Amino acid sequence: VKKEVKKEVKKEVKKEVKKEVKTEEKKIFIEKEQAKEEKNTSNKKDSSEKVETKTLSSSEKKEKQMKAKSLFDSPSVSTKKTDDDNKKWNKNAKSAIAAAQNNEPSFTCFDMTGNTIFSIKKVEYCAALGKALKSNTHLNTVKIGKCELNKRDVASLCEGLAHNNSVEVLDLQNNKIDNEGASSIAKALQTNTRLVKLNLFGQGKEFGDPCLDAFTQMFSYNVTLRKIIWRLNSRKSFALNKLIVRNNTIKKWIIEGKDVSALVPVNCNIKDLQVLTRSEKREVEKKEVKMVVKQEKAEEVKKEEKAE
């Protein structure tokens, strides 16, 4: 009797354990499926928020280009009053940094070219100027030539340059900027949508392929940089020149009201222009799909004729 009771108890226990295991497995499976669905929906939402996927009409394209036109306006012209104000602020490094930090409306040109005090305290001042550039909206020119700036100093400046929307000219000629320092500028310009002219002439050493690769990658985002002054000795310089010409053509066509969707890179950092090129790409993809469908139908017809 005891043996039979034990057997029955064991059977009941096994059944209950199996049931519990099955229920747990079901719960785990359901949780995994729900997590997958949530991921898919979130990815779809993110992609829809980031880029418009619909094709645009010609009128919609013009509207998008008009919104981006302000970024391609010609640089502001200096007057005697602004020149006098800039000279007042640029008397010494401290007053220039303070004016940049306070976002003084009358201070439009930061010029510390050949300033001995700035070069002595370059680490401190470059860090301060980099922070100021993040929020400054009046500076349109920054000149820090002949101050022995290196890759560390340039990296500090680039922290602000990446977020700045007012500086149109950056002059860093005759310093000690190497490939790494120049590459940090290229990285900052992937998000910058205002800088037009960059001067990196006279750095002692010629820039190598890693630097040129960084600038080539930058141009897959940036469409506003239209002039670089530097000395190159590489086959890749031709490709860079073509990209600079492309940016100048984009500006010209936008001012003339021409469609630039064929010129703008897919990853353009200006959203209104990015939508244009994504729309253009979508139209091309649709045409390619139609062509493939036609080819498949033609092949099916040929097979049927052969079979007959």
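None of these values were measured; they are calculated from a predicted model.
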Just to verify, what does [X] make a side chain to side chain donor-acceptor pair (under 3.5 Å) with, not counting sequence neighbours?
X: Ser220; answer: none
X: Gln203; answer: none
X: Asn241; answer: none

Any residue meeting side chain to side chain contact (heavy atoms under 4.5 Å, CB included) with [X], in chain and number order, not counting sequence neighbours:
X: Thr216; answer: Leu240, Leu243
X: Lys252; answer: Glu256
X: Ser234; answer: Asp209, Leu212, Lys236
X: His138; answer: Asn103, Pro105, Asn136

Compare all side-chain heavy atoms of [X] with those of [Y] and state whether any distance is below 4.5 angstrom.
X: Tyr221; Y: Thr191; result: no
X: Leu157; Y: Ile144; result: yes
X: Leu200; Y: Leu170; result: no
X: Cys158; Y: Ile185; result: yes

**Message:** Among residues at least two apart in sequence or on other chains, which ones pass salt bridge (Lys or Arg N to Asp or Glu O under 4.0 Å) with Asp85?
**Reply:**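 If we apply the salt bridge (Lys or Arg N to Asp or Glu O under 4.0 Å) test to Asp85, skipping adjacent residues, the hits are Lys81.
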
**Asked** Which atom pair, heavy atoms only, marks the closest approach of Ser183 to Pro210?
**Response**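 Taking Ser183 first and Pro210 second, the nearest heavy atoms are OG-O, 4.1 Å.
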
**Prompt:** Where do Gly145 and Asn175 come nearest, in terms of heavy atoms and distance?
**Reply:** CA-ND2, 3.9 Å

**ring pair (Phe, Tyr, Trp, His ring centres under 6.0 Å) partners of Phe118, counting only residues at least two apart** = Tyr125

**Item:** Hydrophobic cluster partners of Ile229 (side-chain heavy atoms under 4.5 Å)
**Value:** Phe201

**Prompt:** Where does the angle between the aromatic ring planes of Trp230 and Phe215 fall among parallel (under 30°), tilted (30 to 60°) and perpendicular (over 60°)?
**Reply:**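 It falls in the perpendicular class, over 60°.
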
**Asked** Which residue pairs satisfy the side chain to side chain donor-acceptor pair (under 3.5 Å) criterion with at least one member in residues 106-117, sequence neighbours excluded?
**Response**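 Residue pairs passing side chain to side chain donor-acceptor pair (under 3.5 Å), neighbours aside: Asn86-Thr108, Trp89-Ser106, Asp111-Thr113.
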
**Asked** What residue pairs, at least two apart or across chains, pass side chain to side chain donor-acceptor pair (under 3.5 Å) with a residue in residues 142-157?
**Response**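 Applying side chain to side chain donor-acceptor pair (under 3.5 Å) to every pair that reaches into residues 142-157, excluding sequence neighbours, yields Lys151-Glu180.
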
**Item:** Ion pair check, Arg194 and Glu168, cut-off under 4.0 Å
**Value:** yes

**Request:** Hey, could you give me the CG/OG1 distance between Asn248 and Thr224, rounded to the nearest 0.5 Å?
**Result:**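 Atom-to-atom, Asn248:CG and Thr224:OG1 are 11.0 Å apart.
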
**Asked** When hydrophobic residues are tied together by side-chain contacts of less than 4.5 Å, even through go-betweens, does Val264 share a cluster with Ile254?
**Response** yes

**Asked** Counting N and O atoms only, with roles assigned by atom type, does the side chain of Asn247 sit under 3.5 Å from a partner on the main chain of Arg226, one being a donor and the other an acceptor?
**Response**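 No: the side chain of Asn247 does not pair with the backbone of Arg226.
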
